[in-house]
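Single-structure report; data block below.
Just so you know, these numbers come straight off a predicted model, no measurement behind them.
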Amino acid sequence: HAQVLKFSRIEAPDINMLCSFLPDTGKVVIAEECVETGSVGEYIAAHLKDHHVLLINLGREGFVKQGSVTQQKKRCGIDAAGIVKRATME
């Protein structure tokens, strides 16, 4: 069971709104197409530190090899299959 929230803007989200979804799922999976440091996902994870938060993104360092967006997402594990795999492993 999952609820998907898509943020349309890159800004700090309303933490109280996010908390309203927690009783239903108990777990937060954040998937971003960015590096971890300074990301919105890192902000959310810090504010929800008392909950099970899984942050999936490009990591802290390194470059993404050249390729199509689909290829890059798959390589980095941030495509749909990669996100489901990581979320069900945790």
Side-chain angles (χ1 to χ4, degrees):
H1 172 235
Q3 294 182 11
V4 177
L5 303 175
K6 181 180 184 310
F7 296 107
S8 300
R9 295 174 282 181
I10 301 173
E11 63 183 27
D14 179 351
I15 296 299
N16 291 325
M17 182 274 303
L18 291 175
C19 286
S20 70
F21 289 92
L22 290 175
D24 292 338
T25 61
K27 182 177 185 178
V28 177
V29 177
I30 304 164
E32 298 180 288
E33 296 176 15
C34 64
V35 295
E36 183 176 330
T37 306
S39 68
V40 173
E42 184 181 54
Y43 173 87
I44 294 169
H47 282 81
L48 300 179
K49 63 182 180 267
D50 295 331
H51 301 279
H52 187 102
V53 177
L54 173 61
L55 182 55
I56 302 171
N57 56 29
L58 302 180
R60 293 183 181 255
E61 50 188 88
F63 293 97
V64 177
K65 293 181 182 179
Q66 185 173 350
S68 70
V69 172
T70 302
Q71 290 169 328
Q72 291 172 337
K73 284 182 177 182
K74 183 174 182 176
R75 255 187 232 127
C76 295
I78 58 173
D79 62 336
I83 292 168
V84 168
K85 181 179 178 181
R86 288 274 311 277
T88 55
M89 287 174 51
E90 298 286 323

Interatomic distance, [X] atom [atom1] to [Y] atom [atom2] [nearest 0.5 angstrom]:
X	Y	atom1	atom2	value
Ile56	Arg86	CD1	CZ	5.0 Å
Ile44	Lys49	CD1	NZ	14.5 Å
His47	Cys19	NE2	SG	10.0 Å

Applying the side chain to side chain contact (heavy atoms under 4.5 Å, CB included) test to Asp79, which of Gln72, Lys74, Gln71 qualifies? Lys74
Determine whether Val84 and Leu54 fall in the same hydrophobic cluster, where Ile, Leu, Val, Met, Phe, Trp and Tyr are linked whenever their side-chain heavy atoms lie under 4.5 Å apart. no
Are Val69 and Ile78 connected, step by step, through hydrophobic side chains (Ile, Leu, Val, Met, Phe, Trp, Tyr) whose heavy atoms are closer than 4.5 Å? no
Within the structure provided, determine whether Val53 and Ile30 are in side-chain contact (heavy-atom separation under 4.5 Å). yes
Got Val28 and Leu18 here, is their nearest side-chain heavy-atom distance under 4.5 Å? no
Give the minimum heavy-atom separation between [X] and [Y], together with the two atoms involved.
X	Y	answer
Ser39	Glu32	OG-OE1, 3.1 Å
Ile83	Ala31	CD1-CB, 3.5 Å
Glu42	Gly38	OE1-N, 2.7 Å

